[in-house]
A.B. asks: 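Dropping the structure in here first, questions after.
Values below: all heavy atoms of this structure, side chains included; hydrogens, waters and symmetry mates excluded. The structure displayed is predicted, hence computed values, not measured ones.
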Amino acid sequence: MEPMQTYTAPFRVMECDCDSHHHLTPGAFMRLAQQVSTDHCESLGMDDAFYRASQAVFLMAKMALRLERPPVSGETLTLRTSPEQARRAVYKRITEAWDEAGRRVAVLDSRWVLVDARARRILRRPPEAFAALPFAEQVGEELDVTIRKPAALEPAGVVTASYSRCDINRHMNNTRYADVAADALPLEAVENSVITGLVISYHNELPAGGSARLVRGQNEDGSWYVAGQREDGKPCFEAVLTLQSLNL
């Protein structure tokens, strides 16, 4: 029987989650990772009633995704997720994807904070129910979550936390920022490339109906920086995307 500290599930890569090259998009991969993480938590008894009783929720603070090769439509991936106990109020979760030949194709390093659902403040001391969770003391792998920002930036449009982008917390779901960041790049930069890396730092949530102005710029190493600022002037998110040419 699999240890409670890890959880594994198969997922088929759907064509509707892929780009014009049949590659699974980073945002779609994050949604698979979010689902396997949710399934893991529910297997431990962490359902909606659990969160309501504790008046606490997990919010993502940072994440880094590395695609060792782009998953393609039609293949079945096995996702394995492993969460870590809190370190300085941050919970790390590593989610890996393996193909049918047993090769690892992607790894996601997500960093979460536990937040008081009413006061919307970080809980430095988790409620007893969370402190007792059978998460690992330490999960060995870790990705770089550094955000590199270029000197020159240009406007890249506006994003709104519309109906289809929001989740049960009535703010833009963390996976949708990956879509927004990729969509903010020049089309010619992404349509003949594959996104091999993505780092996102979440600063202030974008509530349902709210908007953020986007800016973008290219770093010296060729990666792209995208950021959003809310209407109230508060920073919303920052992202860095690493691209590799498909040499078409």
A.B. asks: Please check: side-chain N/O of E141 versus main-chain N/O of T95, any donor-acceptor pairing under 3.5 Å?
C.D. replies: no
A.B. asks: In Å and rounded to the nearest 0.5 Å, what is the OG to CZ distance from S162 to R176?
C.D. replies: 9.0 Å
A.B. asks: Looking only at non-hydrogen atoms, find the nearest pair between A181 and A239 and report the distance.
C.D. replies: CB-CB, 4.0 Å
A.B. asks: Can Y7 and D39 be said to form a side chain to side chain contact (heavy atoms under 4.5 Å, CB included), step by step?
C.D. replies: CA-CA 8 Å; Y7 187 89; D39 292 347; 3.7 Å; yes
A.B. asks: When you look at E84 and Q138, which way does the side chain to side chain contact (heavy atoms under 4.5 Å, CB included) test go after all the steps?
C.D. replies: CA-CA 5 Å; E84 187 178 272; Q138 186 171 4; 3.6 Å; yes
A.B. asks: Looking at every non-hydrogen atom in both residues, tell me the closest pair between S245 and S193 and how far apart they are.
C.D. replies: CA-OG, 4.0 Å
A.B. asks: Using a strict 4.0 Å threshold on nitrogen-to-oxygen distance, state whether R120 and E205 make a salt bridge.
C.D. replies: yes
A.B. asks: Are side-chain heavy atoms of R213 and E231 found at a separation under 4.5 Å?
C.D. replies: no
A.B. asks: Assigning hydrophobic clusters by single linkage (Ile, Leu, Val, Met, Phe, Trp, Tyr; side-chain heavy-atom cutoff under 4.5 Å), is Y91 placed with Y51?
C.D. replies: yes
A.B. asks: Can you spot which of D179, D167, V180 makes a side-chain contact (heavy atoms from CB on, under 4.5 Å) with M172?
C.D. replies: V180
A.B. asks: With a 4.5 Å heavy-atom cut-off, do R121 and L123 have their side chains touching?
C.D. replies: yes
A.B. asks: I need the minimum non-hydrogen distance between Q5 and P134, along with the two atoms involved.
C.D. replies: CG-O, 3.0 Å
A.B. asks: Measuring centre to centre across the rings, with the benzene-like ring taken for any Trp, is F237 within less than 6.0 Å of Y202?
C.D. replies: no
A.B. asks: For the residue pair T76 and R12, confirm or rule out a side-chain donor-acceptor distance under 3.5 Å.
C.D. replies: no
A.B. asks: Between the side chains of T160 and S211, does any donor sit under 3.5 Å from an acceptor?
C.D. replies: yes
A.B. asks: Is it true that, when you exclude R170 itself, more than 12 heavy atoms of the residues, nucleotides or ligands shown sit nearer than 6.0 Å to its CZ?
C.D. replies: no
A.B. asks: Counting only heavy atoms not in K92, do more than 12 fall under 6.0 Å of its NZ?
C.D. replies: yes
A.B. asks: Please check: side-chain N/O of D116 versus main-chain N/O of A56, any donor-acceptor pairing under 3.5 Å?
C.D. replies: no
A.B. asks: Each residue besides V107 in its hydrophobic cluster should be listed here, by chain and number; the cluster joins Ile, Leu, Val, Met, Phe, Trp and Tyr at side-chain heavy-atom distances under 4.5 Å.
C.D. replies: I94, V139, L143
A.B. asks: To the closest 0.5 Å, what do you measure between CE (M63) and CG (L108)?
C.D. replies: 6.0 Å
A.B. asks: Say you draw a straight line from CG of L241 to OG1 of T196; how long is it, rounded to the nearest 0.5 Å?
C.D. replies: 9.5 Å
A.B. asks: Which distance, rounded to the nearest 0.5 Å, do you find between the CZ of R31 and the CG of D17?
C.D. replies: 6.5 Å
A.B. asks: Looking at CD1 of I195 and OG1 of T242, how far apart are the two atoms once the value is rounded to the nearest 0.5 Å?
C.D. replies: 9.5 Å
A.B. asks: Do the side chains of I147 and L59 join up, straight or via other hydrophobic residues, at under 4.5 Å, putting them in one cluster?
C.D. replies: no
A.B. asks: Are E188 and N192 linked by a side-chain donor-acceptor pair shorter than 3.5 Å?
C.D. replies: no
A.B. asks: Looking only at heavy atoms, which two atoms of L198 and A178 are closest? And how far apart?
C.D. replies: CD2-CB, 3.6 Å
A.B. asks: Using only atom types and a distance under 3.5 Å, with no angle test, would you say the side chain of D99 pairs donor to acceptor with the backbone of A101?
C.D. replies: yes
A.B. asks: With side chains defined as the heavy atoms from C-beta onward, is the minimum distance between V105 and E96 less than 4.5 Å?
C.D. replies: no
A.B. asks: Go through the steps to decide whether F130 and F58 satisfy the test ring pair (Phe, Tyr, Trp, His ring centres under 6.0 Å), and finish with yes or no.
C.D. replies: CA-CA 11 Å; F130 285 87; F58 281 115; 5.6 Å; yes
A.B. asks: Does S223 use its side chain to pair, donor to acceptor, with the backbone of V240 at less than 3.5 Å?
C.D. replies: no
A.B. asks: Evaluate the side-chain proximity of V194 to L246: yes if any heavy-atom separation is below 4.5 Å, no if none is.
C.D. replies: yes
A.B. asks: Do R104 and R80 come close enough that some side-chain heavy atom pair is under 4.5 Å?
C.D. replies: no
A.B. asks: In terms of heavy-atom contacts, does CD of E154 have more than 12 from other residues, nucleotides or ligands at under 6.0 Å?
C.D. replies: yes
A.B. asks: Does W112 reach the side chain of N174, with side-chain heavy atoms less than 4.5 Å apart?
C.D. replies: yes
A.B. asks: Could you state whether L114 and V90 fall into the same hydrophobic cluster, counting links through intermediate Ile, Leu, Val, Met, Phe, Trp or Tyr residues with side-chain heavy atoms under 4.5 angstrom apart?
C.D. replies: no
A.B. asks: Apply side chain to side chain contact (heavy atoms under 4.5 Å, CB included) to the pair L44 and F135, showing each step before the final yes or no.
C.D. replies: CA-CA 10 Å; L44 299 174; F135 289 1; 3.9 Å; yes
A.B. asks: Other residues, nucleotides and ligands only: do more than 12 of their heavy atoms fall within 6.0 Å of CD on E15?
C.D. replies: no
A.B. asks: For E75 and P70, work out which heavy atoms get closest and say how close.
C.D. replies: OE2-O, 4.5 Å
A.B. asks: Do K62 and I200 touch side chain to side chain, with heavy atoms closer than 4.5 Å?
C.D. replies: no
A.B. asks: Do Q218 side-chain atoms and G222 backbone N/O form a donor-acceptor pair below 3.5 Å?
C.D. replies: yes
A.B. asks: Which residue in the set R216, R148, E238 passes side-chain contact (heavy atoms from CB on, under 4.5 Å) when paired with Y225?
C.D. replies: E238
A.B. asks: Please report the closest heavy-atom contact between V199 and V145, naming both atoms and the distance.
C.D. replies: CG1-O, 3.5 Å
A.B. asks: Please step through side chain to side chain contact (heavy atoms under 4.5 Å, CB included) for the pair R69 and L67, ending with a clear verdict.
C.D. replies: CA-CA 5 Å; R69 78 154 173 84; L67 291 168; over 6 Å; no
A.B. asks: Has the side chain of N169 got a donor or acceptor atom that lies under 3.5 Å from a matching backbone atom of H171?
C.D. replies: no
A.B. asks: Do L206 and V113 sit in one hydrophobic cluster, given that two such residues count as connected whenever their side-chain heavy atoms are within less than 4.5 Å of each other, even indirectly?
C.D. replies: no
A.B. asks: Any chance you could measure H40, atom NE2, to L79, atom CG, to the nearest 0.5 Å?
C.D. replies: 13.0 Å
A.B. asks: Looking at side-chain heavy atoms only, is the closest gap between R93 and T81 below 4.5 Å?
C.D. replies: yes
A.B. asks: Do you reckon V226 sits in the same ILVMFWY cluster as L187, going by side-chain contacts under 4.5 Å, direct or chained?
C.D. replies: yes
